[in-house]
There are 2 protein chains.
Amino acid sequence: MNTLLAHAVRQLREMILRGDLAPGQRVAEIPLAEALGMSRTPVRQALPMLAQEGLLAESGNRGYVVRGFSPADIADAIELRGALEALAARRVAEHGISRPILKELKKCLDEGDEILGERCLHEGDETAYADMNERFHRLIIEDARSEVISEALRRNSHIPFGGAQALAFDKTRLDDTYELLYVAHRQHHCIVEALERGQGARVQALMSEHAEAVKSSINLAQFALSHENVRRMRGV
Amino acid sequence: MNTLLAHAVRQLREMILRGDLAPGQRVAEIPLAEALGMSRTPVRQALPMLAQEGLLAESGNRGYVVRGFSPADIADAIELRGALEALAARRVAEHGISRPILKELKKCLDEGDEILGERCLHEGDETAYADMNERFHRLIIEDARSEVISEALRRNSHIPFGGAQALAFDKTRLDDTYELLYVAHRQHHCIVEALERGQGARVQALMSEHAEAVKSSINLAQFALSHENVRRMRGV
DNA sequence: ACTCTTCCAATTGGATCCAATAACCACTAG
DNA sequence: CTAGTGGTTATTGGATCCAATTGGAAGAGT
């Protein structure tokens, strides 16, 4: 794509998700263009794209405002991600999981076992687990071999917690996080087992539940309203 | 949104889906702008949006080409729609279906019963059924009360047969169509029954299967490759 | 004092202009 | 005769310009 346009889109996405632009705030083209060091043209192309992505909303009939995400939106996004990944996983099981992917998944399991082997988390463990987690989910989605599903998931990722980074870490309570990750990783084990055995319905249910666990682990009312937290999360 | 930009997006979407622009063909800004009677600016904004929607693909590092949809893409889109509507239906069942929506759904059932009461289809029946079908599905999605899910479905509709009009009518074989609609309408009855009883898991399974039926009813290999057929379908 | 109307300014949206780049064609050399 | 190189042309992408619409502010009238 256009270098400048692509840059503008990426940059604006980050700014919105990080909360640099507050929800409800009007986004004006000129200051934005100045902030990004380009003319109005690329940002004028970027704004409708971001509106289409759902990050901006049309403000009356003049320009756009930053769209806020309600706790319900975030919960729905997690639920939707669960359904989409569940569908992907079922397809993998039904088509028969490919050997190299299975191998990679098992490597993810080992990594997780390693991290959680101690009875508590050390510095850097969350990041390592988050990386592994992201890889785990990505592998399954890849092996579903459906561009349509991948697209839908990619779209959903634009909502806070809608993406694979949705394992929420509240750094102030590392012990709770350990319990959370422990359960999640047990689910990973079950998922791989089901995939290996070709148990489509089972893996679909497991994957839905895997997302559901994330949803209930987040104090949505608290997190959704404060963009401070969103920023902190995404830094993980 | 921008009047001209919005117009360009709608118009181009139609042109692509109708096959006026053949898959793989390069889309040039200038002739497009002339065809739509506007300057390059609105179409230049529209093209990246359509690319994001998945209707266009970036051609190397210069401009866009019309994206073609493989039979697999279309099958996946139908499957995905099934999963999304199934999720929506489950939510409705679990929250408890709202009275007015239930009433409207039953009106849809009656209409369908009326149309299918005779043992064959008459002129105009397909259109009437398609309208009712579209309304039926829209009502359920509405009552799921999730903007996130609605969005995902709207996005999916951009792929041929990904939307609610996905009941494929092959006008050359009205008798086969009758059988198809008869089965689909039986499913509608079951779905409403399950919704009324709050049977979430059942309605989820039913809705998935409802989409699956559509998928297998289409000779994908035949239809997907010929845009003539897509054009004809969407005319229904 | 409050409200309504009018005017001004700012910002958006559309058109045009300019530069950079990529593709195509022709010509030349091996 | 073929392949490579250079040039030309066309098209994209970015910047600027212009007009139109909207929102706000100020002033006047009730």
Side-chain angles (χ1 to χ4, degrees), chain A residues 1-68 154 158, chain B residues 1-68 154 158:
Chain A
M1 201 202 292
N2 279 329
T3 49
L4 266 192
L5 170 57
H7 192 243
V9 169
R10 267 198 302 273
Q11 207 75 10
L12 288 177
R13 231 186 249 135
E14 273 300 308
M15 289 170 72
I16 294 169
L17 257 6
R18 278 218 303 263
D20 294 351
L21 292 79
Q25 181 184 330
R26 263 201 65 168
V27 284
E29 293 173 6
I30 297 174
L32 235 45
E34 279 171 10
L36 298 177
M38 55 183 73
S39 91
R40 278 178 56 211
T41 307
V43 303
R44 279 184 57 190
Q45 288 177 290
L47 294 188
M49 291 180 73
L50 292 168
Q52 216 200 207
E53 272 186 29
L55 291 178
L56 298 179
E58 303 175 32
S59 161
N61 48 6
R62 193 137 185 121
Y64 301 92
V65 297
V66 177
R67 173 175 163 191
R154 215 171 302 137
H158 296 142
Chain B
M1 203 203 293
N2 281 326
T3 50
L4 267 191
L5 170 56
H7 192 241
V9 169
R10 267 199 302 274
Q11 206 76 10
L12 289 177
R13 232 187 248 135
E14 273 300 307
M15 288 170 73
I16 294 170
L17 257 5
R18 277 219 303 265
D20 294 351
L21 292 81
Q25 180 185 330
R26 264 201 65 169
V27 284
E29 293 174 5
I30 297 174
L32 234 46
E34 280 172 8
L36 297 178
M38 55 183 74
S39 92
R40 278 177 56 214
T41 307
V43 303
R44 280 184 55 191
Q45 287 177 292
L47 294 188
M49 290 180 73
L50 292 168
Q52 217 200 204
E53 271 188 29
L55 291 178
L56 299 178
E58 303 174 32
S59 161
N61 48 7
R62 192 134 185 124
Y64 300 92
V65 297
V66 177
R67 173 175 161 192
R154 216 172 301 138
H158 296 142

Within a strict 4.5 Å, meaning less than it, do heavy atoms of the A/Leu4 and A/Thr41 side chains meet? no
Listed pairs, N/O of protein and of nucleotides 6-9 of chain D, under 3.5 Å:
none

Taken to the nearest whole Å, CG/B/Leu47 to C1'/D/dG13 is 12 Å
Whole angstrom is fine here: how far is it from CD in B/Glu29 over to P in C/dT21? 17 Å
Can you name the closest pair of heavy atoms from B/Ala46 and B/Leu12 and give their distance? CB-CD1, 4.1 Å
Residues forming a side-chain hydrogen bond (donor to acceptor under 3.5 Å, both in side chains) with B/Arg62, sequence neighbours excluded: none
In chain order, what residues pass the side-chain hydrogen bond (donor to acceptor under 3.5 Å, both in side chains) check against B/Glu29, with sequence neighbours excluded? B/Arg40
Hey, are the side chains of A/Val43 and A/Val27 touching, using non-hydrogen atoms and a 4.5 Å cut-off? no
Write out a two-atom table: protein N or O, nucleotide N or O from nucleotides 14-20 of chain D, distance below 3.5 Å.
unit_1, atom_1, unit_2, atom_2, d
D/dG14, OP1, A/Leu4, N, 3.2
D/dG14, N7, B/Arg44, NH1, 3.1
D/dG14, N7, B/Arg44, NH2, 2.8
D/dG14, O6, B/Arg44, NH1, 3.0
D/dA15, OP2, A/Ser39, N, 3.0
D/dA15, OP2, A/Ser39, OG, 2.6
D/dA15, O5', A/Ser39, OG, 3.4
D/dA15, N7, A/Thr41, OG1, 2.5

Taking all heavy atoms of B/Leu5 and all of A/Pro48, pick out the closest pair and write down the distance. CD2-CG, 3.8 Å
Salt bridge (Lys or Arg N to Asp or Glu O under 4.0 Å) filter on B/Arg154, not counting sequence neighbours, yields B/Glu147, B/Glu151
For A/Arg13, the side-chain hydrogen bond (donor to acceptor under 3.5 Å, both in side chains) test, sequence neighbours excluded, returns A/Glu53
